[in-house]
Amino acid sequence: MAELCKDIGKLGFGLMRLPQKDGAIDIEQTKRMVDLFMDAGFTYFDTAWAYEGSEDAIRQALVERYPRESFQLASKNAAWIGSTCREDAIRQFDTTLERTGAGYIDYYLLHNLGEMRTKVFDDYDMWSFVRELKEQGKIRHYGFSFHAKADELGPILEAHPDVDFVQLQINYADWESPDIQSRKCYEIARAHNVPVIVMEPVKGGLLATPPEQVASILREAEPGMSVASWALRFAADLEGVAVVLSGMSNVEQIEDNLRTMKGFDRLTEDERATIAKAADVLSNLDAIPCTSCEYCAKVCPRNIGISGTFAALNMITLYGNDAFAKNQRGWLVDGHGRARADQCIKCGKCEDACPQHIRIRDMLDRAVKAGL
């Protein structure tokens with residue numbers, strides 16, 4: 001852990017949501033953001049082969065402007081995207097080196113393990129590939145990012161005990177979520193003594209603008225701090241967390257994050273209690289009380305992605321964010337080969353099976369009206 005954390009600082013710059021100008025990444029604003037980040041003493045940058053334009057942008061904004069030893073660069077291999085054989089997947093690394101011009105990658109991740117994607121990495125034996133890269137000095141550390149249920153995480157860590165770290169989605173909104181299972185995944189990583197890098201601490205920006213009932217609790221506790229700062233500090237406070245990534249899109253966001261994390265140590269007990277109160281209020285708002293037990297899915301004759309649809313609908317209810325909800329639907333429903341809500345035939349079998357007694361047919365109608 002000490003080696004992993006060396007000279008990084010606990011805030012990482014996520015390069016997935018870089019500023020845009022005229023339909024392309026704004027390189028000049030990105031340079032300014034990189035300069036602010038480096039000047040504040042933070043040095044960890046996270047990109048990926050699959051982040052369009054990001055690897056090229058960070059070459060221009062960082063690699064070509066700073067000594068190579070002054071920063072740490074992470075990138076990722078998404079073998080399950082566009083690969084028909086192991087050689088295709090391996091070429092992603094060569095492309096990453098070419099785009100970034102970095103010479104080597106400090107933290108290389110197998111990107112988005114879980115569900116069918118894990119099998120692709122296994123079938124292509126990408127684990128031995130990243131070990132070879134590390135032996136050759138082309139990467140310094142290797143790990144993986146994970147977007148699935150906790151029961152899949154333990155077996156992966158047991159099968160690959162030499163991973164240097166794991167990247168998990170952790171935030172106070174998803175801490176007890178039946179879909180994301182932040183706490184359960186974090187506890188499994190801790191049980192395996194694997195350092196954690198946190199992604200989505202602000203839940204794609206949603207926790208920067210939570211419902212007013214939640215925001216007011218946080219503002220009243222610390223009027224001088226942004227609402228988003230609480231989400232970053234929640235993640236950074238956890239034992240075993242090496243880096244908290246924030247996908248920053250403009251100078252204002254990076255300035256706020258730097259104010260939050262510069263010199264951050266730990267939360268006080270009062271601050272932890274404030275976050276717990278905010279999380280409790282958030283979880284008790286008028287959201288559909290689906291626990292993703294999937295009993296409904298087992299009896300649905302049309303294979304409708306009921307729990308995924310409800311998770312997406314809750315994004316609208318809780319955050320008023322239609323675009324994020326549709327992305328959620330795309331991931332949890334379309335991406336899992338499930339039918340959309342408008343395919344419901346109103347048979348009612350799902351409601352008979354639901355232990356939460358949810359009026360599933362009515363809620364699916366709500367989803368259809370919401371464009372889900």
Side-chain angles (χ1 to χ4, degrees), residues 1-14 43-48 72-80 93 104-115 117-122 124-135 138-172 174-177 179-201 232-246 261 264 266:
M1 181 61 131
E3 182 185 0
L4 194 76
C5 294
K6 184 180 179 182
D7 299 328
I8 289 178
K10 210 158 192 178
L11 178 65
F13 192 160
T43 60
Y44 189 99
F45 296 83
D46 173 89
T47 183
Q72 291 80 34
L73 185 64
S75 194
K76 310 179 187 74
N77 184 295
W80 47 278
F93 179 75
Y104 61 90
I105 302 299
D106 298 276
Y107 296 83
Y108 197 56
L109 295 84
L110 300 184
H111 193 174
N112 197 358
L113 268 73
E115 301 166 340
R117 299 175 301 280
T118 302
K119 186 176 185 300
V120 177
F121 291 107
D122 290 345
Y124 292 163
D125 193 18
M126 296 302 289
W127 301 99
S128 66
F129 174 61
V130 291
R131 291 187 189 103
E132 290 168 6
L133 290 178
K134 187 174 179 180
E135 290 171 1
K138 294 180 179 179
I139 64 175
R140 298 292 190 260
H141 307 277
Y142 88 88
F144 63 93
S145 60
F146 183 81
H147 278 284
K149 297 291 181 68
D151 60 1
E152 294 185 52
L153 180 58
I156 296 173
L157 291 174
E158 288 159 14
H160 307 286
D162 58 330
V163 297
D164 296 311
F165 63 97
V166 61
Q167 188 160 302
L168 302 174
Q169 179 169 330
I170 294 176
N171 57 68
Y172 68 79
D174 292 326
W175 191 242
E176 299 294 352
S177 163
D179 297 303
I180 307 300
Q181 299 185 342
S182 286
R183 178 182 59 79
K184 290 181 179 179
C185 290
Y186 166 76
E187 289 175 351
I188 288 171
R190 293 295 292 150
H192 287 80
N193 198 33
V194 178
V196 173
I197 292 176
V198 172
M199 57 183 164
E200 302 293 351
L232 283 179
R233 287 179 287 161
F234 170 82
D237 185 56
L238 297 169
E239 294 284 353
V241 166
V243 181
V244 177
L245 298 174
S246 180
M261 297 300 293
F264 175 79
R266 299 295 303 275

Could you report the tightest heavy-atom contact between Lys10 and Ala242, atom names first, then the distance? CG-O, 3.7 Å

Taking atom CG of Leu232 and atom CG of Asp237, what is their separation to the nearest 0.5 Å? 12.5 Å

Can you label the angle between the Trp127 ring and the His160 ring as parallel, tilted or perpendicular, going by 30° and 60°? parallel

Lys/Arg-Asp/Glu bridge criterion (N-O < 4.0 Å) met for Lys184, Asp151: no

Please tell me if the side chains of Val130 and Asn77 come closer than 4.5 Å, counting only heavy atoms from C-beta onward. no

Would you indicate whether the side-chain heavy atoms of Tyr142 and Leu133 approach each other to under 4.5 Å? no

Which residues pass the salt bridge (Lys or Arg N to Asp or Glu O under 4.0 Å) test with Glu176, not counting sequence neighbours? Arg183

Working to the nearest 0.5 Å, report the span between CZ of Arg140 and CG of Asp164. 12.5 Å

Mind checking ring pair (Phe, Tyr, Trp, His ring centres under 6.0 Å) for Phe45 and listing every partner two or more places apart, or none if nothing turns up? Phe13, Phe37

Do the rings of Phe165 and Tyr107 sit parallel, tilted or perpendicular, given the 30° and 60° boundaries? perpendicular

For His192 and Val166: C-alpha separation, side-chain torsions, deciding distance, then whether side-chain contact (heavy atoms from CB on, under 4.5 Å) applies. CA-CA 11 Å; His192 287 80; Val166 61; over 6 Å; no

Is there side-chain contact between Arg266 and Glu239, with heavy atoms separated by less than 4.5 Å? yes

Between the main-chain N or O of Leu113 and the side-chain N or O of Trp80, is there a donor-acceptor pair closer than 3.5 Å? no

For the atom pair CD1 (Ile197) and NE2 (His141), what is the distance rounded to the nearest 0.5 Å? 9.5 Å

Whether Thr47 side chain and Ser75 backbone form a donor-acceptor pair below 3.5 Å: no

Can you find a pair of side-chain heavy atoms, one from Lys76 and one from Asp46, that are under 4.5 Å apart? yes

So does Lys138 have more than 12 non-hydrogen atoms from other groups sitting under 6.0 Å from NZ? no

Keeping Asp106 on the side-chain end and Leu73 on the backbone end, is there a donor-acceptor pair under 3.5 Å? yes

In the structure I gave you, are the side-chain heavy atoms of Leu238 and Ile170 within less than 4.5 Å of one another anywhere? yes

Ala74 versus Tyr44, closest heavy-atom pair with distance: CB-OH, 3.4 Å

Pairwise distance CD(Glu152) to NE2(His147) - rounded to 0.5 angstrom: 13.0 Å

Ring-ring centroid check Phe144 Phe121, cutoff 6.0 Å: no

Interatomic distance, Gln181 atom CD to Leu168 atom CG [nearest 0.5 angstrom]: 11.5 Å

Residue Asn193 excluded, over 12 heavy atoms near CG under 6.0 Å: no

Should Trp175 and Tyr186 count as side-chain neighbours, where that means a heavy-atom distance under 4.5 Å? yes

At what distance, to the nearest 0.5 angstrom, does OG of Ser246 lie from CD of Glu200? 9.5 Å

Of all heavy-atom pairs linking Ile180 and Cys185, the shortest is O-SG, 4.2 Å

Kindly give the heavy-atom pair with the smallest separation between Ala189 and Leu153, and that separation in Å. N-CD2, 4.5 Å

Donor-acceptor pair, distance only, cut-off 3.5 Å: does the side chain of Asp174 make one with the backbone of Ser177? no

Could you tell me if Arg233 sits above the aromatic ring of Phe264, with its cationic atom closer than 6.0 Å to the ring centre and no more than 45 degrees from the axis? no

Of all heavy-atom pairs between Ser145 and Met199, which one has the smallest distance, and what is that distance? CB-CE, 4.1 Å

